[in-house]
Amino acid sequence: MDQIQEMTSFLTVAEAESFVRAATKLKISTSAVSKYVASLENRLAVKLLHRTTRRVSLTDIGRAYYERCKLILSDLAEADAGVRQETSVAQGLLRVGVPMSFGITFLGSVIAEYLSQNPKVRVEVELTDRVMDPVQEGLDIVLRITSQLQPLDWIATKIAPIPRVLCAAPTYFKNRKKPVAPGDLKSHDCLVYSLSQNSRSWSFFRAEKRFDVPVNAILTANNSLLLRNALLAGSGIALIPRYLVSEDITKAKLVPLLQNYSVGSHDLYAIYP
């Protein structure tokens, strides 16, 4: 039987001088209170309470045991309260792994707001485009952008879609024709993100049909910010996250291509042990 429950029942009966009033206070049945106290007395092989039809009182040894129980249960309640207070406020070091371009673009202001709301927390950010294992690398959480999340031994929560867009600078088309179908890309210079799941070809979708097009990669890089800079310089065509170039498209520094085709969306996941 639960020793803490036994001690709590005994203490409550001693203070209420009644099994009935103790049961009311503990919100359990009178028989349950009686059972707990009887179990405690049997385990200790002593009589802790005098019982009469009118009142309940402590024996001499019961009075001494009552004082010890009161201290023990008070210390236990204080320990519980201390833990609750510690865990009610976020504190300590939060280590986060983030894709580089996404982190640079979005997370600075987000982390600043988080730190202002949680002044006892310190944040350490690992910016990298490689696939990170939160357990092996001692990270609390990893943000990952992917078109297909492989089976994991961790928890993965989808946060948001990350749309992509095929685009190029107007200057790139000074002496070239714009592609009107995916197959036209074979004759164009392409800027390719090397860590994508298929960096040698791009996939397009239209009317439930899929078109896989091999690309002529004149520049391959493992960072999308570098590819954006090359795009703006007119070096070629890139399939790139829209969040990196939406403002450039609005300002006509870049033009979207093959808008009658879908290029599929990646998703942002939060991954943690």
Side-chain angles (χ1 to χ4, degrees), residues 97-110 125-132 142-149 159-207 209-269:
V98 185
M100 185 172 291
S101 301
F102 183 85
I104 291 172
T105 304
F106 288 117
L107 288 193
S109 59
V110 173
V125 179
E126 176 78 16
L127 288 170
T128 179
D129 286 336
R130 62 182 174 80
V131 175
M132 290 175 282
V142 167
L143 299 185
R144 184 177 299 174
I145 297 174
T146 181
S147 61
Q148 186 176 2
L149 194 65
I159 297 176
I162 304 293
R164 296 180 299 159
V165 60
L166 187 75
C167 59
T171 54
Y172 172 75
F173 295 110
K174 281 186 176 180
N175 300 311
R176 301 171 184 262
K177 291 183 179 180
K178 291 182 181 179
V180 295
D184 297 340
L185 292 172
K186 296 176 183 178
S187 60
H188 282 274
D189 296 335
C190 296
L191 316 177
V192 176
Y193 181 64
S194 62
L195 297 181
S196 63
Q197 290 174 313
N198 191 350
S199 60
R200 296 185 178 182
S201 68
W202 290 338
S203 298
F204 299 85
F205 305 88
R206 184 178 180 183
K209 293 183 180 180
R210 174 172 174 159
F211 305 88
D212 293 322
V213 181
V215 293
N216 174 35
I218 66 161
L219 171 63
T220 303
N222 65 353
N223 182 266
S224 295
L225 284 173
L226 186 150
L227 296 178
R228 172 183 174 269
N229 291 337
L231 266 177
L232 291 170
S235 297
I237 297 173
L239 185 56
I240 194 166
R242 183 176 283 275
Y243 69 79
L244 283 176
V245 294
S246 58
E247 186 175 347
D248 299 319
I249 291 174
T250 300
K251 294 180 178 179
K253 293 180 180 180
L254 295 173
V255 291
L257 305 170
L258 301 183
Q259 295 187 76
N260 292 330
Y261 293 83
S262 168
V263 294
S265 175
H266 288 186
D267 293 298
L268 174 67
Y269 292 87

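Numbering of residues begins at 1 and proceeds along the displayed sequence. No hydrogens, no waters, no symmetry mates; every other heavy atom, side chains included, goes into these values.
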Do you know the tightest heavy-atom contact between [X] and [Y]?
| X | Y | answer |
| --- | --- | --- |
| Gly97 | Met132 | C-CE, 3.4 Å |
| Leu257 | Pro179 | CD1-CG, 4.2 Å |
| Val165 | Pro256 | CG2-CB, 4.0 Å |
| Asn223 | Ser101 | ND2-OG, 3.5 Å |
| Ala168 | Gly236 | CB-O, 3.6 Å |
| Ala252 | Pro170 | O-CG, 3.6 Å |

Query raised in the report: Is the Phe102 ring parallel, tilted or perpendicular to the Phe106 ring (thresholds 30°, 60°)?
Result: tilted
Query raised in the report: When you measure from the centre of the six-membered ring of Tyr261, is the NZ or CZ of Arg206 under 6.0 Å away and within 45° of the axis?
Result: yes
May I ask you to test the [X]-[Y] pair for a side-chain heavy-atom distance under 4.5 Å?
| X | Y | value |
| --- | --- | --- |
| Asp184 | Lys177 | no |
| Pro161 | Asp267 | yes |
| Ile240 | Leu231 | yes |

If you round to the nearest 0.5 Å, how far is [atom2] of [Y] from [atom1] of [X]?
| X | Y | atom1 | atom2 | result |
| --- | --- | --- | --- | --- |
| Leu227 | Ser194 | CG | OG | 8.0 Å |
| Met100 | Leu225 | CE | CG | 8.5 Å |
| Asn222 | Thr128 | CG | OG1 | 8.0 Å |
| Ser246 | Leu244 | OG | CG | 8.5 Å |
| Leu254 | Thr171 | CG | OG1 | 9.0 Å |
| Ile145 | Ile162 | CD1 | CD1 | 4.5 Å |

Report task. Tell me, with the steps shown, if Leu191 and Ile218 meet side chain to side chain contact (heavy atoms under 4.5 Å, CB included). Result -> CA-CA 6 Å; Leu191 316 177; Ile218 66 161; 4.0 Å; yes
Where the side chain of [X] meets the backbone of [Y], is there a donor-acceptor pair that is under 3.5 Å apart?
| X | Y | value |
| --- | --- | --- |
| Arg130 | Leu195 | no |
| Arg210 | Ser203 | no |
| Asn229 | Leu226 | no |

Query raised in the report: Between Leu143 and Ile159, is a side chain to side chain contact (heavy atoms under 4.5 Å, CB included) present by the stated rule, with each step listed?
Result: CA-CA 9 Å; Leu143 299 185; Ile159 297 176; 4.0 Å; yes
Report task. Tell me, yes or no, whether the heavy-atom count around Arg176 atom CZ, taken from other residues, nucleotides or ligands under 6.0 Å, exceeds 12. Result -> yes
**Report entry** Reference residue Cys167; test side-chain contact (heavy atoms from CB on, under 4.5 Å); the match among Asp248, Val245, Leu258
**Finding:** Val245
Query - Residue pairs involving residues 173-196 (criterion ring-ring contact (aromatic ring centres under 6.0 Å, His included); sequence neighbours excluded) - result: Tyr172-His188
Query - Leu185 and Phe204: CA distance, side-chain angles, deciding distance, side chain to side chain contact (heavy atoms under 4.5 Å, CB included) verdict - result: CA-CA 11 Å; Leu185 292 172; Phe204 299 85; 3.4 Å; yes
Query - Full working for side chain to side chain contact (heavy atoms under 4.5 Å, CB included) between Asn216 and Asp189 - result: CA-CA 6 Å; Asn216 174 35; Asp189 296 335; 3.5 Å; yes
